[in-house]
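Here is the structure we will look at.
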Amino acid sequence: MALHAQQFFDDVLELPFHQYAIVGNALYAAPQPNSPLRLRIDLAPTMRHGEYNGLRLRVVHPDQGVLDAALLRFGDHGTFARRDAARDLAPGRDSYAVIRDWHPHSSEPPWRGADGTGLRTAIEQYTHLWFPPPAASQPALRPVAQPTPITGASPRAR
């Protein structure tokens with residue numbers, strides 16, 4: 001089964017990036033115009049083949065490579081809380097807060113029922129840290145008036 005990465009990123013996460021592309025199971029974004037830095041988001045695999053428990057975020061520079069990486073686990077952000085509660089799954093149990101692409105003939109995406117709100121908020125915070133919005137133009141500060149020396153005045157005689 002395909003992970004349907006395009007639909008996951010577009011429909012579940014609904015990220016506010018204007019310039020991005022999805023290649024395979026990864027999203028590449030340029031959150032800040034004219035910056036060489038790029039953001040890569042891909043599904044974070046567990047030690048089992050075809051099983052994912054979160055998203056891996058990376059800030060990438062074209063010359064210096066990966067500058068930073070973060071892992072956002074589905075369980076930490078409530079992505080599958082409703083699904084897992086309906087299945088009576090708790091943390092520490094098999095299948096809790098993971099998606100699997102083990103069933104090649106299933107028409108349902110493995111992330112069906114996901115709530116991307118918590119992940120989206122964390123991604124926006126991470127992005128804001130690495131790609132801060134341009135500073136708004138602020139009005140110029142008025143110079144502080146300096147005292148003008150008085151010329152021609154003589155000190156008082158005592």
Side-chain angles (χ1 to χ4, degrees), residues 1-87 89-93 95-102 108-147:
M1 163 200 305
L3 285 173
H4 304 278
Q6 180 81 42
Q7 292 89 350
F8 179 78
F9 289 117
D10 289 345
D11 300 342
V12 174
L13 293 181
E14 302 176 45
L15 296 171
F17 303 136
H18 299 288
Q19 293 183 321
Y20 72 92
I22 296 171
V23 180
N25 291 328
L27 178 140
Y28 296 87
Q32 194 173 61
N34 303 320
S35 172
L37 299 179
R38 297 295 179 258
L39 178 66
R40 176 183 173 158
I41 303 173
D42 52 351
L43 292 160
T46 66
M47 61 187 195
R48 292 182 184 171
H49 175 73
E51 182 179 80
Y52 306 89
N53 66 351
L55 298 176
R56 183 185 335 262
L57 285 63
R58 296 178 213 174
V59 175
V60 182
H61 186 277
D63 296 327
Q64 299 171 4
V66 176
L67 301 179
D68 190 60
L71 178 63
L72 304 178
R73 295 189 193 282
F74 296 139
D76 295 341
H77 297 282
T79 308
F80 296 106
R82 280 184 296 182
R83 178 199 73 182
D84 292 346
R87 294 178 179 175
L89 293 174
R93 296 210 33 215
S95 299
Y96 175 79
V98 298
I99 57 175
R100 295 176 173 154
D101 63 351
W102 293 351
E108 294 286 330
W111 44 262
R112 185 176 65 86
D115 178 1
T117 306
L119 285 174
R120 181 176 42 259
T121 300
I123 292 169
E124 287 172 351
Q125 291 171 345
Y126 183 83
T127 303
H128 185 70
L129 175 71
W130 278 96
F131 304 90
S137 61
Q138 299 192 9
L141 298 175
R142 288 187 285 158
V144 176
Q146 297 293 324

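Just so we're clear, the structure is a prediction, and the values are computed from it rather than from any experiment.
Contact annotation: the side chain of Pro33 never approaches that of His18 to less than 4.5 Å [non-hydrogen atoms, C-beta and beyond].
Contact detail for Leu72 and Ala122: the closest heavy-atom pair is CD1-CB, 3.9 Å. A pairwise comparison of heavy atoms in Tyr126 and Ala70 identifies CE1-CB, 3.8 Å as the closest pair. Among all heavy-atom pairs drawn from Glu14 and Asp10, the shortest one is CG-O, 3.3 Å. When every heavy atom of Ala29 is checked against every heavy atom of Phe17, the shortest pair comes out as CB-CD1, 3.7 Å. Closest heavy-atom contact between Pro31 and Thr127: CB-CG2, 3.8 Å. Between Val12 and Arg120, the shortest heavy-atom contact is O-NH1, 3.3 Å.
Asn25 and Tyr52 share no side-chain donor-acceptor pair at under 3.5 Å. Looking at Arg73 and Thr79, their side chains never bring a donor and an acceptor atom within 3.5 Å of each other.
The distance from atom CZ of Arg58 to atom CG of Leu67, rounded to the nearest 0.5 Å, is 12.5 Å. If you take CG on Leu89 and OH on Tyr96, they are separated by 9.0 Å, rounding to the nearest 0.5 Å. Leu119 CG to Thr117 OG1: the interatomic distance, rounded to the nearest 0.5 Å, is 9.0 Å. Rounding to the nearest 0.5 angstrom, the gap separating the CG atom in Asn53 from the CZ atom in Phe74 is 7.5 Å. The distance from atom CG of Leu13 to atom CG of Leu55, rounded to the nearest 0.5 Å, is 6.0 Å.
The number of heavy-atom neighbours closer than 6.0 Å to CD of Gln19, taken from other residues, nucleotides and ligands shown, is 12 or below. For His128, the NE2 atom sits in a loose shell: 12 or fewer heavy atoms of surrounding residues, nucleotides or ligands are nearer than 6.0 Å.
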Below 3.5 Å, can you tabulate the donor-acceptor pairs from side chains in residues 36-49 to any protein atom, sequence neighbours excluded?
from  : atom 1 : to    : atom 2 : distance (Å)
Arg38 : NH1    : Ser35 : O      : 2.6
Arg40 : NH1    : Tyr28 : OH     : 3.2
Arg40 : NH2    : Asp42 : OD2    : 3.3
Thr46 : OG1    : Arg48 : N      : 3.2
Thr46 : OG1    : Glu51 : O      : 3.4
Thr46 : OG1    : Glu51 : OE1    : 2.8
Arg48 : NH1    : Glu51 : OE2    : 3.4
Arg48 : NH1    : Asp94 : OD1    : 2.7
Arg48 : NH2    : Asp94 : OD1    : 3.2

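Taking the ring axis of Phe80 as reference, the NZ or CZ atom of Arg83 stays within 45° of it and closer than 6.0 Å to the ring centre.
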Applying side-chain contact (heavy atoms from CB on, under 4.5 Å) to Ile99 and Phe8, what does each step give before you reach the verdict? CA-CA 12 Å; Ile99 57 175; Phe8 179 78; 5.5 Å; no

